[in-house]
Every structure is written in structure tokens, then in C-alpha cells.
There are 2 protein chains.
Amino acid sequence: MATIRDVAQIANVSVATVSRVLNGSSKVSDKAREAVLKAQKELDFVLNANARALAHQDSETIGVVVSDLSDPYFGLMVKYCENAARQSGNSLIVTQGFHDEQREIMAIDNLISRNCRGMIVHALRIDDEKLSHYMQKVPTMILINRTLKGFEERCLNIDNVSGYYLVGQELIKKGHKKIAFVGSSHTIADAAERLEGLKKALLENDIKMDESLIVLREPYLEGGFDAASELIEKMQQGHKFTAVACYNDYLAAGTMARLTEAGYKIPEDISVVGFDDLYLARCTNPPLTTVHHPVDQIACLAIEMSIALFKQKHIKKNHFDISLVQRKSVRDLSVAN
Amino acid sequence: MATIRDVAQIANVSVATVSRVLNGSSKVSDKAREAVLKAQKELDFVLNANARALAHQDSETIGVVVSDLSDPYFGLMVKYCENAARQSGNSLIVTQGFHDEQREIMAIDNLISRNCRGMIVHALRIDDEKLSHYMQKVPTMILINRTLKGFEERCLNIDNVSGYYLVGQELIKKGHKKIAFVGSSHTIADAAERLEGLKKALLENDIKMDESLIVLREPYLEGGFDAASELIEKMQQGHKFTAVACYNDYLAAGTMARLTEAGYKIPEDISVVGFDDLYLARCTNPPLTTVHHPVDQIACLAIEMSIALFKQKHIKKNHFDISLVQRKSVRDLSVAN
DNA sequence: TTGAAAGCGCTAACAC
DNA sequence: GTGTTAGCGCTTTCAA
């Protein structure tokens, strides 16, 4: 592979001049610049990023850890991260934690060893102590969807309580009083917060939740399918409900599939609500009423905050817009069918 | 940030010894090893990957370019790539081309500058000439979903013709003779190949396609929705059809949504078939009959081939299993309803 | 088994 | 404007 020396030789200038040209320094004569550019083209030369990072003490790179890129939610997030990073002249490097503590640690260590300017981390498995350690060691590290005590300023979360409060309000407004909840079996704060938001809305309307209608499952399609099976049984045992509020869109999709299979019409017989507003929320039949939150805003802010910290500046957290997207999976019970 | 020198100093050995320990060389006394490991822990030290890559002339990294990580297909692919890479001791670095020639070029250049051992590239926008140039320059580069003349050995494709031939057979077997096709408006080989597979099956059964029932759209949900609108119009103009074969699952989902909205029952009135077997194929209602192809196998093989090339070895391409997944979106017309 | 030192490709301070 | 050169953090050869 050609080096900067080869270019210098061909262009008949010094390596310093080549470096200047290729880094856009102004203090170069037109003649030298041209010669360098010509030589570069001739050799099809690209500066070696590793050497650059070493000399520079800066890799112009932002590292991202997400749990699993096959989850469209993270795919979306990374997409927006790359856009934001690119805008500030950084490139992105993405690694996955795969819902496993060791993998998460490897992923973070990997990014540290690469000398990333900033780091955006979604890691739910690492324990608080280890994570705090990393937060301390890497002052540009931003946490997503997790709040770590002592580092609240660098934790970015959506307001799950408010989000699910919207769901509660919507269901109540449409006359639903008996509401089942399909939650996530993962022990993360989100799950509890969303349920809390729902309960808050119910409480404000003097509606008590039937706790036996709370079912927890792995937050994916199969989990929803399975949860719905359990709910159907409960219904047959006398625990009636007119709506199922789900932790996320996957669970909602699974729930809908199972209910449909069992002969229930959605939303005529049972209403279903999701959370996240993924692409698939528009693919279900009926299209899913769900909560939208701005992955793009979160990604952008995370990148910006991280870069600001790198420059010893500070950006304050702001509030993320969160809203209910009304599609067709909720029936208005106050209207005759 | 601590360096290898700091570790050496604390452990009271030379940097060479530290390097040996940290790289697992056997020629180190237990005493020295322990001292180094202790110092490492004390400093929370990780070797600098950039410096390592520079000295080593090898970054132990595989680069991947995909078009857009928010597309679950690529999310899946990258997931499997990282697993395969990790297994051979490499880490992965992912960049996106965003369906844009300049971005694709930037993505590839970025990976080149990072001295990746191997490269897996999905780039449909770069023209053949430029891409050939890259293939020549980077002998470990593997192409996905694109065949480039002169580099067939390093191009990995699924057999679209056979895949869609399966769809044709299935539809014909179930009594469908009038079949519409919703294709991709992107000018990539895949689109033509899938249609070709369908036509092949039809031809073998002496069925002629109504060419006016071929509609091309952006290969996403909205495209399918839009395509279905056009098809509905055509139907009203007398171009009847009993099934819609779609280029991919997104188009199928959109098609189903639009048809349902217009009052058609699926599959009772019209059957729909997709391609790719994405997660969402199981979220639609009814669940989508579609073609499954092994993203995991392709990803794995791509990584393995690339690594083999890096070691100056060769792995031959093999055939990828492709199969029809029968769900509920196709009606058997030979059976009374 | 260990250490000294050259060198990987680049940047930037300094001298001209 | 330009060139020389030290040094970024690491690996590896060579000598001890």
C-alpha cells in the first residue's frame, strides 16, 4: 500500500507538504498542491487512518454500542447516529452487545482501544458498578435508555411514564375500563415505567387494574403471541378485558396475531396498543395505534453531546417529544358499532 | 490515557515484555507475567488499537458496507457478520452507503484507510468501473447482492430466479393464472431476476403474463400501497388477477394494506406473496407467504471468504438454500371456499 | 527470558 | 511556503 512518502517522492515535495495538502492546510503553493493531488490520484492514495489517529491523538471517530442490529429500533438509531456524526466530520463505528454482559464489555473495550472521540452506549446488562467505572474513564460516553446514578447528565432517556400515560388516556377516553398489560420480562426500568404510566392514567380515573391481567414475556413477536394465549385463558376464567396495552410493537403484533387466530376481531372485540412506532406498526392489520418517540432526536443529541464533551463543552439534555399515533387498533366503545 | 510504557514502568519490566504478555506470547517468566497483569489491572490498561494496527500492519478488523441499517435485512446481515468475525478473532466495523454513490465511495474509502483485513460490501450505486477498481485494489473485498464482471468469484448472490420460480410454482399449483407483479423501481439485477423466475414458472405452464399488471415502485411499504392502488384501477378496467407477487416483503405488506383498505379480503379475494422472509412477514395479517433465503449463511460465508483471501487462501462459493415459507396469504383456488 | 531500539505512516513544531 | 525531524504507542528483531 502506498504511503505518504511515495506521494511526496512522485510529487517531488516533502511529506509535510503532502500532509498539508491532504489535510486542507492553506499554506501551500498552488503548484505544490497540484503536484500532490496529481500524485495522489496516480497512486490512488488514501491517508492511513491508524497512523493519523496515532499522530493526531484523535481518531475522528465516534463509537456506538447497541444490543443487536437485527432489532430495527437500533438500526434506526444507528442510521441517525451516522448521519449526525458525519455532519461533524466524524465517522462512526458500530458494535453490538448482544444482550450479554461479556459482549457489552468487549464492545466498549474495543471502542476505547480505538481511541474514539465519543461513545454512545446502549448496554443494559453491565452492572452499575462496572458501567460507572467506564463512565468515569471515558468522559465523552453517553448512555442511552438507562439512567446511571451520578451520571444523569450523560444519560438520555425518553419519558416512558408520560408515553404510556398517553396510552392510558386514549384507552379510557374511548371507554375502556378493563385493560390487560403485556410487559417485558427483561428487568429494565422501561418496563416498569410504562406500566406505571398506564396505572397513573387509570388511577386518575378511579379505575383499578386487574393485576392478574399483567403478563410478562420476552419483548418479541413470539412473546406477544404467548402472552395473548395466557390472556385468552384468563378471559375464559372470567377476567374480562376490552383492550391490551403492550410494552412495545413486537408484543402488540404478536398479541394481535394470536387474538386474530383465536377468532377475536381487532379492534371490534379487543383493542391493542403498542409502543415505539416501528415500521412494522404500519404493516399489521389493522395498523397499530402506538406511541411514537423520536429516535432521530435522541441519536442526534447523543452524538452532539458526546462531541461537545470531547471539546470540553456542555450541551444540556432536553425533552423529547413523545406522542400517540392513532391508527386502527383501538375501538371507541362509546360509539355504537 | 495510560500507555504500554506506564505499564512497563510499574511492572518494572521493559515494554517488550509487556507487549509479550498482553499478546499472549509464551516466552515470558511467570513472575514477569504476573507483574505485568497486575500493573495492567491497576492502570485499567487496554492496548491502543491504532498503534497496534500500525506496527502490525494489520488491524484485525473486517469492514462492512451496507446501504442502510434501518433496513432490517441489513441489520440481520450485520448481526451475523459480527458473529462470524468475532469467531475468528476479528472485530467488525460497519458503515452505510445510504443508496448514494458518493456515500458508498466514502464508506469504502473509510474502510480502506482503516486497513481492514477484509471487506464485505453491499453497494448498488457505484458504477461498475469504479467498483472494479476497488475490487482490484482490495483483494479481500467481497461483494454482496451484486455480480461484477471479472470478479464473479468474490460475488455472493442468492439465486433470485429460482427463488421466484418457487413463488410461480406455488401460485400455479394453487390454481392462480392471472398474476400481477409488484416490482422494485430500483435498477438492480434482483428485480429483473425475480420477475424472470416468475415468468419462467408461468411459461412452463403455458400461462402468459398480462404485462400491464407489472407495476414498479420504491421497494417499501408506501410503494406497495401505491402499487396496489394502481392495480385496483387496472382491475376495474378489466385486467383481472387473483394474486399479487411482490418483489419483497415490504411491497407485499403495503399491497396487503391497500387491498384490505379497499375491501378485498386476503387471501379469499386476492392472494399476496412476498420475498425475503423478514420479521414483518410474520406480523402481517394474514401472515405472509414469502421466500426465505439464508442471510446468516451469506454473511458467514462472506466473512470466511474474506478472511481466507486475507490469508491467501481460497474458499469456493457454494449454493444457498432458498425456500418458500407457506403462511396464510395465498388461497388455494382449487378448493371450494 | 529479557531489553534496546528500529520502524509502522502520519502530524506538527521548528528552522529556513 | 517548504523541508527536517521528533514522536504518537505499539511490535519485533537482534543481542545479551
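All values reported here derive from a predicted model rather than from experimental measurement. Every chain is numbered from 1, with letters handed out A, B, ... down the list of sequences. Hydrogens, waters and symmetry mates are skipped; everything else that's a heavy atom, side chains included, is used.
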TODO: Classify every nucleotide of nucleotides 8-16 of chain D by which part a protein heavy atom approaches to under 4.0 Å, writing B for the base, S for the sugar-phosphate alone and - for neither, in 5'-to-3' order.
DONE: BBBSBB---
Task: With B:Ile307 via side-chain contact (heavy atoms from CB on, under 4.5 Å) - residues at least two apart - done: B:Ile62, B:Ser88, B:Asn90, B:Ile303, B:Lys311
- [ ] Just call it for B:Ala32: base, sugar-phosphate, or nothing, with non-hydrogen atoms closer than 4.0 Å on any strand.
- [x] sugar-phosphate
Open item on the list: Ring centroids only, cut at 6.0 angstrom: are A:Phe320 and A:His293 within range, meaning strictly under it?
Closed with: no
Open item on the list: Tell me if a side-chain donor or acceptor on B:Arg154 pairs with a main-chain N or O of B:Met135 at a distance below 3.5 Å.
Closed with: yes
Under 3.5 Å, which donor-acceptor pairs link side chains of residues 137-146 of chain A to any protein atom two or more places apart or in another chain?
residue	atom	partner	partner atom	Å
A:Lys137	NZ	B:Asp44	O	2.7
A:Lys137	NZ	B:Asp44	OD2	3.2
A:Thr140	OG1	A:Arg117	O	2.9
A:Arg146	NH1	A:Ala123	O	2.9
A:Arg146	NH1	A:Ile126	O	2.9
A:Arg146	NH2	A:Ile126	O	2.9
A:Arg146	NH2	A:Asp128	OD1	2.7

Identify each donor-acceptor pair in which a side-chain atom of residues 94-103 of chain B lies under 3.5 Å from a protein atom, sequence neighbours left out, and give them as a table.
residue	atom	partner	partner atom	Å
B:Thr95	OG1	B:Val64	O	3.4
B:Gln96	OE1	B:Leu69	N	2.8
B:Gln96	NE2	A:Glu82	OE1	3.0
B:Asp100	OD2	B:Gln102	N	3.0
B:Asp100	OD2	B:Arg103	N	2.9
B:Glu101	OE2	B:Lys130	NZ	3.0
B:Arg103	NH2	A:Asn83	OD1	3.2

Open item on the list: Tell me if a side-chain donor or acceptor on B:Asp6 pairs with a main-chain N or O of B:Ala2 at a distance below 3.5 Å.
Closed with: no
Task: Residue of the set A:Asp68, A:Leu278, A:Val66 for which side-chain contact (heavy atoms from CB on, under 4.5 Å) holds with A:Tyr73 - done: A:Leu278
Task: salt_bridge(B:Lys316, B:Glu153) N-O dist < 4.0 Å - done: no
TODO: Using both pair distances under 3.5 Å as the test, note the stems of at least 3 consecutive Watson-Crick or G-U pairs that include DNA chain C.
DONE: C:1-16 with D:1-16
Open item on the list: Need two values: the first and the last nucleotide of DNA chain C, 5' to 3', having an atom under 4.0 Å from any heavy-atom of chain A.
Closed with: C:dG9 to C:dA13
